[in-house]
Amino acid sequence: MDAYRLAGNITVDYLSISSHGSSLVTNDPAYHWTDQGFVVRTQEGDGYNAIDPAVFHDSDGSLWLTFGSYWTGIKLIQLDPRTGKRSAPDSKVFSLAYNDSIEASYLCKHDDYYYLFVNWGSCCQGTNSSYNIRIGRSKTVTGPYLDKAGLDMLQAGGSEFLPTTNGRCSDPDMREL
């Protein structure tokens with residue numbers, strides 16, 4: 001899940017619910033939300049997986065959403081900054097990164113570069129977890145994202161940012177740091 005505040009003091013929550021699934025539940029009677037429908041949806045047989053959404057607001061005012069995991073990697077779509085929905089139903093889906101075990105992407109910008117953080121490995125297995133955070137950078141939000149050696153993250157490139165450890169941070173996740 002990721003949340004973003006649009007103009008007009010409207011907060012948009014981006015949820016991904018898969019067959020492993022979860023749901024939004026609250027007991028607070030003052031809380032109200034309205035389901036605005038899908039931003040991006042995948043089904044069995046699709047070439048990518050719409051999980052782990054992360055919103056990125058660029059300095060030029062554009063709004064983007066990264067998502068994806070294992071199947072064919074990390075994807076990016078442009079959002080309408082007024083509605084928080086996809087800029088067009090058939091807008092381009094950009095491929096940013098791939099590894100056979102990749103998920104939990106996060107984009108940020110510093111100076112003239114965009115930085116893409118991703119998790120490689122498996123999570124949630126205690127001391128058997130192998131999660132580690134990888135990073136690449138690009139001059140454009142749509143890529144290509146290259147690691148320190150110049151390897152494209154679509155070709156399993158990605159410089160190690162935070163390795164797997166056996167201590168407090170055995171499952172590092174960029175979005176939780």
Side-chain angles (χ1 to χ4, degrees), residues 1-18 22-24 26 31-42 46 48-99 102-120 123 131-148 152-154 157-159 161-162 171-177:
M1 183 174 131
D2 198 11
Y4 183 77
R5 186 173 303 263
L6 299 171
N9 207 26
I10 297 170
T11 300
V12 178
D13 291 328
Y14 295 89
L15 305 171
S16 62
I17 301 174
S18 71
S22 62
S23 60
L24 181 63
T26 180
Y31 181 77
H32 174 75
W33 73 283
T34 303
D35 186 344
Q36 296 292 322
F38 295 105
V39 174
V40 62
R41 180 181 186 183
T42 54
D46 287 342
Y48 54 90
N49 190 3
I51 69 163
D52 291 343
V55 177
F56 170 69
H57 185 215
D58 203 345
S59 57
D60 67 3
S62 60
L63 196 61
W64 300 87
L65 184 74
T66 61
F67 60 91
S69 70
Y70 292 71
W71 302 355
T72 57
I74 303 302
K75 307 299 181 189
L76 174 76
I77 57 171
Q78 189 166 13
L79 302 175
D80 181 327
R82 292 167 313 199
T83 65
K85 301 277 264 184
R86 197 167 177 172
S87 59
D90 59 349
S91 63
K92 183 170 180 164
V93 177
F94 298 91
S95 294
L96 301 183
Y98 174 78
N99 186 338
I102 190 171
E103 60 187 0
S105 57
Y106 180 82
L107 268 178
C108 67
K109 186 175 184 183
H110 180 69
D111 294 332
D112 295 331
Y113 284 96
Y114 296 89
Y115 292 86
L116 175 64
F117 296 85
V118 297
N119 286 9
W120 281 11
C123 76
Y131 242 13
N132 62 93
I133 299 174
R134 302 293 176 128
I135 185 174
R137 72 180 190 171
S138 175
K139 285 285 198 177
T140 64
V141 71
T142 57
Y145 285 86
L146 307 177
D147 65 14
K148 286 192 281 187
D152 192 327
M153 291 183 77
L154 278 171
S159 300
F161 180 76
L162 185 62
D171 274 346
D173 185 336
M174 183 62 208
R175 297 181 301 171
E176 293 175 1
L177 293 179

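In this chain, residues are counted from 1 in sequence order. Any value given below was found using the heavy atoms of this structure, including those in side chains, with hydrogens, waters and symmetry copies removed.
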Practice problem: Would you please name every residue forming a salt bridge (Lys or Arg N to Asp or Glu O under 4.0 Å) with K148, sequence neighbours left out? | Solution: none
Quiz item: Does D80 reach the main-chain N or O of S87 with its side chain, forming a donor-acceptor pair under 3.5 Å?
Solution: no
Quiz item: Is the backbone of G143 close enough, under 3.5 Å, to the side chain of T140 for a donor and an acceptor to pair up by distance?
Solution: yes
Practice problem: Measure the acute angle between the ring planes of F117 and Y106, then classify it against the limits of 30° and 60° as parallel, tilted or perpendicular. | Solution: tilted
Self-check item: Residues that D90 engages under side chain to side chain donor-acceptor pair (under 3.5 Å), provided they are two or more places apart
Solution: none
Quiz item: Do you know the tightest heavy-atom contact between A97 and L116?
Solution: CB-CD2, 3.9 Å
Practice problem: Could you tell me how the ring of H110 sits relative to the ring of Y115: parallel (under 30°), tilted (30 to 60°) or perpendicular (over 60°)? | Solution: tilted
Quiz item: Minimum heavy-atom separation for D147 to G158, with atom names?
Solution: OD2-N, 3.1 Å
Quiz item: S95 side chain to K75 main-chain N or O, any donor-acceptor pair under 3.5 Å?
Solution: no
Quiz item: Mind checking whether L76 and V93 have side chains closer than 4.5 Å, heavy atoms only?
Solution: no
Self-check item: Distance-minimising heavy-atom pair for P144 and D152
Solution: CB-OD2, 3.6 Å
Self-check item: Spatial distance of atom CD1 (I77) from atom CG (L65) [nearest 0.5 Å]
Solution: 5.0 Å
Exercise. Take K139 and Y113 through the test side chain to side chain contact (heavy atoms under 4.5 Å, CB included) and record every step on the way to the result.
Key: CA-CA 5 Å; K139 285 285 198 177; Y113 284 96; 3.5 Å; yes
Quiz item: Atom CD1 of I135 and atom CG of L162: how far apart are they, to the nearest 0.5 Å?
Solution: 11.0 Å
Exercise. Output, in order, the C-alpha distance, side-chain angles, deciding distance and verdict of side chain to side chain contact (heavy atoms under 4.5 Å, CB included) for S159 and R134.
Key: CA-CA 5 Å; S159 300; R134 302 293 176 128; over 6 Å; no
Self-check item: Under the ring pair (Phe, Tyr, Trp, His ring centres under 6.0 Å) test, residues paired with F67 that sit two or more places apart
Solution: Y48
Quiz item: Between atom OG1 of T142 and atom NZ of K92, what is the distance when rounded to the nearest 0.5 Å?
Solution: 7.5 Å
Exercise. With sequence neighbours excluded, tell me which residues meet side chain to side chain donor-acceptor pair (under 3.5 Å) with S69.
Key: N49
Quiz prompt | Criterion side-chain contact (heavy atoms from CB on, under 4.5 Å) against M153, the qualifying member of L146, V118, I102 | solution = V118
Self-check item: Close side-chain approach of S62 to Q78, heavy-atom, < 4.5 Å
Solution: yes
Quiz item: Just how far is it from atom CG of N119 to atom CG of N99, taken to the nearest 0.5 Å?
Solution: 11.0 Å
Quiz prompt | Closest non-hydrogen atom pair, P81 against L63 | solution = CA-CD2, 3.9 Å
Quiz item: With side chains defined as the heavy atoms from C-beta onward, is the minimum distance between L107 and Y145 less than 4.5 Å?
Solution: yes
Self-check item: Which atom of D52 lies closest to which atom of A104, heavy atoms considered
Solution: OD2-N, 3.0 Å
Practice problem: Name all residues meeting the side chain to side chain donor-acceptor pair (under 3.5 Å) criterion together with S91; count only those two or more places apart in sequence or in a different chain, and write none if there are none. | Solution: R86
Practice problem: Enter the distance from Y98:OH to I74:CD1 here, rounded to the nearest 0.5 Å. | Solution: 11.5 Å
Quiz prompt | salt bridge (Lys or Arg N to Asp or Glu O under 4.0 Å) partners of residues 102-115, not counting sequence neighbours, each pair once | solution = D58-K109
Self-check item: 4.5 Å side-chain heavy-atom contact, F56 and T66
Solution: no
